[in-house]
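Positions are given from 1, in the same order as the sequence printed here. Worth knowing before you read on, the calculation uses all heavy atoms, side chains too, and leaves out hydrogens, waters and symmetry mates.
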Amino acid sequence: MADASIFDRLKQDHDAHRQLFDKMSDAKDDPDRLEKLFEQFKVEATAHAAAEEETLYATMLARPDLREDAQQSVSEHKEIDDYLEELEGVAFNGEEWNRIFARLKKRYLHHIDEEEEEMFPDAARELTAEEEQELATQFARRKPAELQRAEGDD
């Protein structure tokens with residue numbers, strides 16, 4: 001995907017995150033598998049968000065017509081981080097954990113749907129194809145470092 005745009009790269013990650021949620025639903029009766037999948041989601045989503053903020057959102061924040069969308073998405077990332085932090089403080093796969101996880105999942109899926117349906121099209125109208133490709137390149141460089149950092153936070 002050498003000529004992929006930033007939006008293609010981000011949507012690939014979103015699709016992988018949706019698949020992880022599906023796998024977690026399938027693993028609800030297998031706590032060990034569920035925990036591994038959840039840890040994988042946490043690392044992936046955290047790294048994705050950081051790299052997205054450092055590339056696409058940083059560019060959007062510098063443009064008055066896109067600033068509000070980027071600010072809202074940064075705020076939503078913080079909300080998702082708060083859910084992840086809250087989950088760390090309760091017994092894994094217990095009643096409270098499942099309740100918080102359900103809210104996290106609903107919020108996260110809403111966030112990525114909103115990005116894909118509203119924010120990405122808005123940004124695509126403002127960015128040139130060259131800018132989209134350069135942001136994709138920056139994202140591809142940034143995300144591995146963020147994955148390493150997220151894995152180290154465990």
Taking the side chain from [X] and the backbone from [Y], do they hold a donor-acceptor pair closer than 3.5 Å?
{"X": "Glu131", "Y": "Thr128", "result": "yes"}
{"X": "Arg142", "Y": "Ala51", "result": "no"}
{"X": "Asp8", "Y": "Ala4", "result": "no"}

Name every donor-acceptor pair, under 3.5 Å, that has one atom in a side chain of residues 19-29 and the other anywhere in the protein, sequence neighbours excluded.
residue : atom : partner : partner atom : Å
Ser25   : OG   : Phe21   : O            : 3.3
Ser25   : OG   : Lys105  : NZ           : 3.3

Stepwise side-chain hydrogen bond (donor to acceptor under 3.5 Å, both in side chains) test for Glu44 and Gln40: CA-CA 6 Å; Glu44 285 285 330; Gln40 182 183 352; 5.3 Å; no

Could you check Lys42 against Glu88 for side chain to side chain contact (heavy atoms under 4.5 Å, CB included), going step by step and ending with a plain yes or no? CA-CA 11 Å; Lys42 189 167 70 171; Glu88 288 178 16; 3.8 Å; yes

Within one Ile-Leu-Val-Met-Phe-Trp-Tyr cluster: Trp97 and Phe41, side-chain cutoff 4.5 Å: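 Cluster IDs for Trp97 and Phe41 match.
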
Give the cluster check for Leu10 versus Val43: same hydrophobic cluster or not, with ILVMFWY residues linked at side-chain heavy-atom distances below 4.5 Å.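 No.
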
Ionic contact status for [Y] with [X], cut-off 4.0 Å:
{"X": "Arg9", "Y": "Asp13", "result": "no"}
{"X": "Glu146", "Y": "Lys143", "result": "no"}
{"X": "Asp113", "Y": "Arg18", "result": "yes"}

Are there over 12 heavy-atom neighbours, none belonging to Glu79, within less than 6.0 Å of that residue's CD?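 Yes, enclosed.
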
Do you see a donor-acceptor pair shorter than 3.5 Å between the side chains of Glu52 and His77?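 Distance-only check passes for Glu52 and His77.
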
Taking the inter-plane angle between the rings of His14 and His17 on a 0 to 90° scale, is it parallel (under 30°), tilted (30 to 60°) or perpendicular (over 60°)?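 Judged by the thresholds at 30° and 60°, the geometry between His14 and His17 is tilted.
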
In Å and rounded to the nearest 0.5 Å, what is the [atom1] to [atom2] distance from [X] to [Y]?
{"X": "Asn93", "Y": "Leu34", "atom1": "CG", "atom2": "CG", "result": "5.0 Å"}
{"X": "Arg67", "Y": "Gln72", "atom1": "CZ", "atom2": "CD", "result": "15.5 Å"}
{"X": "Phe38", "Y": "Leu84", "atom1": "CZ", "atom2": "CG", "result": "5.5 Å"}
{"X": "Ser73", "Y": "Glu118", "atom1": "OG", "atom2": "CD", "result": "9.5 Å"}

Under 3.5 Å, sequence neighbours excluded: what are the donor-acceptor pairs made by side chains of residues 119-127?
residue : atom : partner : partner atom : Å
Asp122  : OD1  : Arg125  : NH2          : 2.4

The criterion is side-chain contact (heavy atoms from CB on, under 4.5 Å); which residues satisfy it with Arg103, sequence neighbours excluded?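 Tyr83, Glu86, Arg99, Ile100.
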
